[in-house]
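Reading through the structure tokens given below for one structure.
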Amino acid sequence: MHAPSSTGFFPVERSPGLFGSAYPRHMPRRAHDFRGLTQPRRLRLLHSIQQTPGHRAGALAEETGIPLNTVRDHLRVLEDEGLIHSETVITGGPGRPPVVFHPVRDVASNSVARTRVDGASERGRMLRAVTDDARTALEEDALRQVDVLYEHLDDAGLDPVVDESAMRFDLAPCRYQGLLAEDQALVCDVHAQLVRDVLRLSDGPLEMQRLDPFVSPRQCRLMLGLRRTGAVVGEQ
């Protein structure tokens with residue numbers, strides 16, 4: 001069995017007599033929690049944009065069954081939180097150019113997403129620099145991805161606990177259980193795609209291998225792997 005290693009930034013699960021004391025499970029909260037992920041209608045909109053990028057607000061309203069004015073309000077929240085970005089399409093025709101919506105898969109497309117990525121990377125680097133337990137086998141670009149993904153999951157309210165040696169995130173408790181009764185597949189699909197996008201935004205060798213919902217009654221598990229090999233790192 002591998003001893004969970006830590007950058008010093010993340011909570012880890014350890015047996016105190018074997019590997020020393022654990023880092024605090026809960027880090028201080030920042031004022032950046034994702035409101036866009038706590039409302040069922042916003043989740044449906046985000047899922048629709050993830051599945052079919054480039055739709056206008058009217059098409060999204062028709063597809064999701066949400067009133068147009070409500071769709072516009074939700075789209076504003078999602079964009080303000082760096083989860084989507086809007087694009088004005090120049091058609092050359094009369095009237096106002098249409099605005100379409102895409103997932104954020106490039107930090108250049110949304111300044112909030114860029115700020116999140118840069119901030120998480122810097123906080124991770126600084127916290128590792130001042131901790132006594134900074135040992136890790138991960139290279140710098142992979143560590144940056146773990147830093148950014150940890151903050152994303154934390155801001156989403158999923159209380160991540162990471163084992164870097166196994167490249168495993170345990171997510172508990174799940175604050176989305178109330179939404180899962182309505183459509184578990186949609187909620188899990190949204191979060192899985194966000195994880196893929198966050199790893200892409202932070203630009204490194206890691207990718208999501210799988211997201212296992214409810215490995216226990218109140219816990220999900222996220223496994224990462226090396227993109228260049230396609231193999232899961234560590235035990236499953």
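For reference, positions follow the sequence shown, starting with 1. Values below: all heavy atoms of this structure, side chains included; hydrogens, waters and symmetry mates excluded.
More than 12 heavy-atom neighbours from other residues, nucleotides or ligands sit within 6.0 angstrom of CD on E87. Crowding of R105 atom CZ: a count of heavy atoms from other residues, nucleotides or ligands under 6.0 Å exceeding 12.
V112 and I84 end up in different hydrophobic clusters when Ile, Leu, Val, Met, Phe, Trp and Tyr side chains are linked at under 4.5 Å. Under the 4.5 Å side-chain contact rule for hydrophobic residues, L199 and L226 share a cluster. With hydrophobic clusters built from ILVMFWY side chains whose heavy atoms lie under 4.5 angstrom apart, L83 shares a cluster with V99.
Residues that satisfy the side chain to side chain contact (heavy atoms under 4.5 Å, CB included) test with A59, not counting sequence neighbours, are H55. P213 meets the side chain to side chain contact (heavy atoms under 4.5 Å, CB included) test with Q184, C188, C220; sequence neighbours excluded. In terms of the side chain to side chain contact (heavy atoms under 4.5 Å, CB included) criterion, residue partners of Q39 (sequence neighbours excluded) are, by chain and number, R41, R42, H74.
When all heavy atoms are compared, the tightest approach of E63 to S48 is OE2-OG, 2.9 Å. Across all non-hydrogen atoms, the minimal contact from V107 to L201 is N-CD2, 3.4 Å. The nearest pair of heavy atoms linking S121 to V148 is N-CG2, 4.2 Å. The minimum heavy-atom distance between T88 and P97, with the atom names listed, is CG2-CB, 3.6 Å. H47 and V190 make their closest contact through CB-CG2, 3.5 Å (heavy atoms, listed as atom of the first residue, atom of the second, distance). Counting all heavy atoms, side chain and backbone alike, H102 lies closest to I49 at C-CG2, 3.6 Å.
Between atom OG of residue S86 and atom CZ of residue R56 there is a gap of 13.5 Å, rounded to the nearest 0.5 Å. One distance of note links CZ of R144 with CD of E140; it measures 7.0 Å at 0.5 Å rounding. Rounding to the nearest 0.5 Å places CG of L60 at 11.0 Å from CZ of R72. Once rounded to the nearest 0.5 Å, the distance linking CE of M223 with CE of M208 reads 11.5 Å. Of the inter-residue distances, the one linking D141 atom CG with L206 atom CG reads 7.5 Å to the nearest 0.5 angstrom. R123 contributes atom CZ, which lies 9.0 Å from atom CG of L127 (distance to the nearest 0.5 angstrom).
When side chains are defined from C-beta on, L45 counts as touching I66, because their heavy atoms get closer than 4.5 Å. Between H152 and P160, the closest side-chain pair of non-hydrogen atoms is not below 4.5 Å. Side-chain atoms of V198 and R116, non-hydrogen and from C-beta on, never get closer than 4.5 Å to each other. In this structure, L149 and S202 have side chains that are not in contact, with every pair of non-hydrogen atoms separated by 4.5 Å or more.
A donor-acceptor pair under 3.5 Å is formed between the side chain of N110 and the backbone N or O of A113. Counting only distance, with no hydrogens or angles, the side chain of R227 and the backbone of G204 share a donor-acceptor pair below 3.5 Å.
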- Task: For side chain to side chain contact (heavy atoms under 4.5 Å, CB included), just list the numbers for L171 and L153, CA-CA rounded to whole Å, side-chain angles, deciding distance to a tenth of an Å, and then say yes or no.
- Result: CA-CA 8 Å; L171 310 175; L153 296 170; 3.8 Å; yes
- Message: With side chain to side chain contact (heavy atoms under 4.5 Å, CB included) as the criterion, how do L222 and L158 come out once you've worked through the C-alpha distance, each side chain's angles and the decisive distance to 0.1 Å?
- Response: CA-CA 11 Å; L222 171 65; L158 295 173; over 6 Å; no
- Going through the checks in order, is the side chain to side chain contact (heavy atoms under 4.5 Å, CB included) test met by L138 and M167? CA-CA 10 Å; L138 296 179; M167 277 294 89; 3.6 Å; yes
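A side chain to side chain contact (heavy atoms under 4.5 Å, CB included) with L46 is found for one member of L186, L75, L37, D189 and no other, namely L37.
We find that R44 and D183 are not joined by a salt bridge, their nearest charged nitrogen and carboxylate oxygen being 4.0 Å or further apart. Checked for salt-bridge contact, D73 and R76 meet the test: a charged N lies under 4.0 Å from a carboxylate O. For R168 and D163, the salt-bridge test passes: some basic side-chain N is under 4.0 Å from an acidic carboxylate O.
Remark: the Q193 side chain and the D197 side chain contain an N/O donor-acceptor pair separated by less than 3.5 Å.
Between F169 and Y150, the ring-plane angle classifies as tilted under the 30° and 60° cut-offs.
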